[in-house]
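From a predicted model like this one, the values you see are computed outputs, not experimental measurements. Computed over heavy atoms, backbone and side chain alike; hydrogens, waters and symmetry mates excluded. Along the sequence shown, residues carry numbers from 1.
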Amino acid sequence: MYPAIKNSLLVGAGGFLGSMLRYLIASFFKPASQHVPIGTLAANILGCYIIGVFCHTMPIGRALTDGTKMFLAMGFCGGLTTASSFVQQTSTIHRTGSPAHAAGYLALTLALTFAAFYAGLFTSRLILKH
(Lines give C-alpha, C1' and ligand atoms only; values in the text may rest on other atoms or scores of the structure.)
Protein backbone atom coordinates (compact mmCIF):
# COMPACT_ATOMS: atom_id res chain seq x y z
CA MET A 1 0.00 0.00 0.00
CA TYR A 2 1.25 3.49 -0.80
CA PRO A 3 2.46 5.37 2.32
CA ALA A 4 0.17 8.35 1.63
CA ILE A 5 -2.90 6.11 1.42
CA LYS A 6 -1.90 4.17 4.52
CA ASN A 7 -1.29 7.38 6.48
CA SER A 8 -4.58 8.87 5.25
CA LEU A 9 -6.45 5.80 6.46
CA LEU A 10 -4.69 5.91 9.83
CA VAL A 11 -5.47 9.60 10.30
CA GLY A 12 -9.07 9.05 9.17
CA ALA A 13 -9.61 6.12 11.54
CA GLY A 14 -8.11 8.06 14.44
CA GLY A 15 -10.17 11.12 13.54
CA PHE A 16 -13.32 9.01 13.45
CA LEU A 17 -12.70 7.69 16.96
CA GLY A 18 -11.66 11.10 18.30
CA SER A 19 -14.77 12.72 16.83
CA MET A 20 -17.00 10.02 18.32
CA LEU A 21 -15.43 10.57 21.73
CA ARG A 22 -15.91 14.33 21.37
CA TYR A 23 -19.60 13.74 20.61
CA LEU A 24 -19.97 11.45 23.64
CA ILE A 25 -18.26 13.98 25.91
CA ALA A 26 -20.46 16.80 24.59
CA SER A 27 -23.58 14.66 25.08
CA PHE A 28 -22.55 13.75 28.62
CA PHE A 29 -22.03 17.38 29.64
CA LYS A 30 -24.96 18.86 27.68
CA PRO A 31 -27.38 18.94 30.64
CA ALA A 32 -24.81 20.86 32.72
CA SER A 33 -23.82 23.40 30.07
CA GLN A 34 -26.35 26.21 30.25
CA HIS A 35 -23.97 29.13 29.66
CA VAL A 36 -20.62 27.46 29.04
CA PRO A 37 -20.06 24.64 26.51
CA ILE A 38 -18.48 22.31 29.09
CA GLY A 39 -18.35 19.38 26.66
CA THR A 40 -16.17 21.29 24.20
CA LEU A 41 -13.99 22.50 27.06
CA ALA A 42 -13.61 18.94 28.42
CA ALA A 43 -12.77 17.52 24.98
CA ASN A 44 -10.17 20.22 24.38
CA ILE A 45 -8.58 19.66 27.81
CA LEU A 46 -8.42 15.89 27.27
CA GLY A 47 -7.05 16.24 23.74
CA CYS A 48 -4.39 18.71 24.86
CA TYR A 49 -3.37 16.41 27.70
CA ILE A 50 -3.04 13.45 25.32
CA ILE A 51 -1.08 15.45 22.74
CA GLY A 52 1.19 16.65 25.57
CA VAL A 53 1.99 13.03 26.37
CA PHE A 54 2.63 12.33 22.66
CA CYS A 55 4.84 15.40 22.22
CA HIS A 56 7.21 14.03 24.81
CA THR A 57 7.18 10.43 23.61
CA MET A 58 7.37 11.22 19.87
CA PRO A 59 10.87 12.72 19.87
CA ILE A 60 12.15 9.83 21.94
CA GLY A 61 11.01 7.54 19.16
CA ARG A 62 11.04 4.35 21.17
CA ALA A 63 7.44 4.42 22.30
CA LEU A 64 5.49 5.10 19.10
CA THR A 65 5.75 3.96 15.50
CA ASP A 66 5.14 6.45 12.67
CA GLY A 67 1.74 4.85 12.02
CA THR A 68 0.80 5.14 15.69
CA LYS A 69 1.81 8.80 15.69
CA MET A 70 -0.38 9.47 12.64
CA PHE A 71 -3.33 7.58 14.15
CA LEU A 72 -3.15 9.03 17.67
CA ALA A 73 -1.73 12.53 17.38
CA MET A 74 -2.99 13.76 14.03
CA GLY A 75 -6.11 11.60 13.74
CA PHE A 76 -7.47 10.91 17.24
CA CYS A 77 -6.42 14.18 18.89
CA GLY A 78 -7.34 16.14 15.76
CA GLY A 79 -10.82 14.63 15.83
CA LEU A 80 -11.17 15.05 19.58
CA THR A 81 -10.10 18.66 19.94
CA THR A 82 -12.45 21.27 18.62
CA ALA A 83 -10.92 24.60 17.66
CA SER A 84 -13.73 25.38 15.21
CA SER A 85 -16.44 24.51 17.76
CA PHE A 86 -14.60 26.50 20.41
CA VAL A 87 -14.47 29.64 18.24
CA GLN A 88 -18.09 29.28 17.08
CA GLN A 89 -19.40 28.74 20.62
CA THR A 90 -17.40 31.66 22.01
CA SER A 91 -18.81 33.85 19.24
CA THR A 92 -22.36 32.70 20.01
CA ILE A 93 -21.92 33.47 23.71
CA HIS A 94 -20.64 36.93 22.79
CA ARG A 95 -23.45 37.60 20.27
CA THR A 96 -26.17 36.60 22.73
CA GLY A 97 -25.20 39.49 24.93
CA SER A 98 -22.70 37.89 27.26
CA PRO A 99 -19.32 39.38 26.37
CA ALA A 100 -18.03 38.73 29.90
CA HIS A 101 -19.03 35.06 29.67
CA ALA A 102 -17.38 34.81 26.24
CA ALA A 103 -14.15 36.35 27.56
CA GLY A 104 -14.25 34.06 30.60
CA TYR A 105 -14.78 30.97 28.46
CA LEU A 106 -11.97 32.02 26.15
CA ALA A 107 -9.55 32.59 29.04
CA LEU A 108 -10.62 29.42 30.86
CA THR A 109 -10.20 27.28 27.74
CA LEU A 110 -6.76 28.66 26.95
CA ALA A 111 -5.54 28.34 30.53
CA LEU A 112 -6.86 24.81 31.06
CA THR A 113 -5.77 23.43 27.69
CA PHE A 114 -2.24 24.78 28.12
CA ALA A 115 -2.17 23.36 31.65
CA ALA A 116 -3.42 20.00 30.33
CA PHE A 117 -0.75 19.97 27.62
CA TYR A 118 2.02 20.56 30.14
CA ALA A 119 0.48 18.03 32.53
CA GLY A 120 0.67 15.52 29.68
CA LEU A 121 4.36 16.33 29.14
CA PHE A 122 5.01 15.93 32.86
CA THR A 123 3.09 12.64 33.03
CA SER A 124 5.00 11.26 30.07
CA ARG A 125 8.34 12.21 31.60
CA LEU A 126 7.42 10.49 34.85
CA ILE A 127 6.31 7.31 33.08
CA LEU A 128 9.37 7.14 30.86
CA LYS A 129 11.77 7.63 33.80
CA HIS A 130 10.60 4.37 35.34
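Of the N and O atoms on the side chains of Y49 and T123, at least one donor lies less than 3.5 Å from an acceptor on the other residue. There is a side-chain donor-acceptor pair under 3.5 Å between T82 and N44. Counting only N and O atoms by type, the side chains of S84 and Q88 include no donor and acceptor under 3.5 Å apart.
Between the side chain of T96 and the main chain of T92, a donor-acceptor pair closer than 3.5 Å is present.
Looking at T40 and F29, their side chains never come closer than 4.5 Å, going by heavy atoms from C-beta outward. Between T90 and T109, the closest side-chain pair of non-hydrogen atoms is not below 4.5 Å. Contact of the F86 side chain with the T81 side chain is not registered, since no non-hydrogen atoms from C-beta on lie closer than 4.5 Å. The shortest distance between side-chain heavy atoms of C48 and F114 does not fall below 4.5 Å.
Under the 4.5 Å side-chain heavy-atom criterion for grouping Ile, Leu, Val, Met, Phe, Trp and Tyr, V87 is connected to I38 within one hydrophobic cluster. Both L110 and L46 are members of a single hydrophobic cluster when ILVMFWY side chains are connected at heavy-atom separations under 4.5 Å. Linking Ile, Leu, Val, Met, Phe, Trp and Tyr residues whenever their side-chain heavy atoms come within less than 4.5 Å places F28 and L112 in a single cluster.
Annotation for G47 and C77: closest pair O-SG, 3.9 Å, computed over non-hydrogen atoms. Nearest heavy atoms, I93 versus H101: CG2-CB, 3.6 Å. Of all the heavy atoms in V53 and G120, the pair that sits closest is CG2-O, 3.3 Å. What you find for I50 and F76 is that their closest heavy atoms are CD1-CE2, 3.9 Å. The minimum heavy-atom distance between G79 and R22, with the atom names listed, is O-NH1, 2.8 Å.
Here the CE-CG distance, from M20 to L80, works out to 12.5 Å after rounding to the nearest 0.5 Å. In this structure, CG on L9 lies 10.5 Å from CE on M70, to the nearest 0.5 angstrom. Of the inter-residue distances, the one linking L41 atom CG with I25 atom CD1 reads 10.5 Å to the nearest 0.5 angstrom. A distance of 7.0 Å separates CD1 of I45 from OG1 of T113, quoted to the nearest 0.5 Å. Rounded to the nearest 0.5 Å, atoms OH (Y23) and NZ (K30) are 8.0 Å apart.
The one candidate from L17, V11, N7 that meets the side chain to side chain contact (heavy atoms under 4.5 Å, CB included) condition with F71 is L17.
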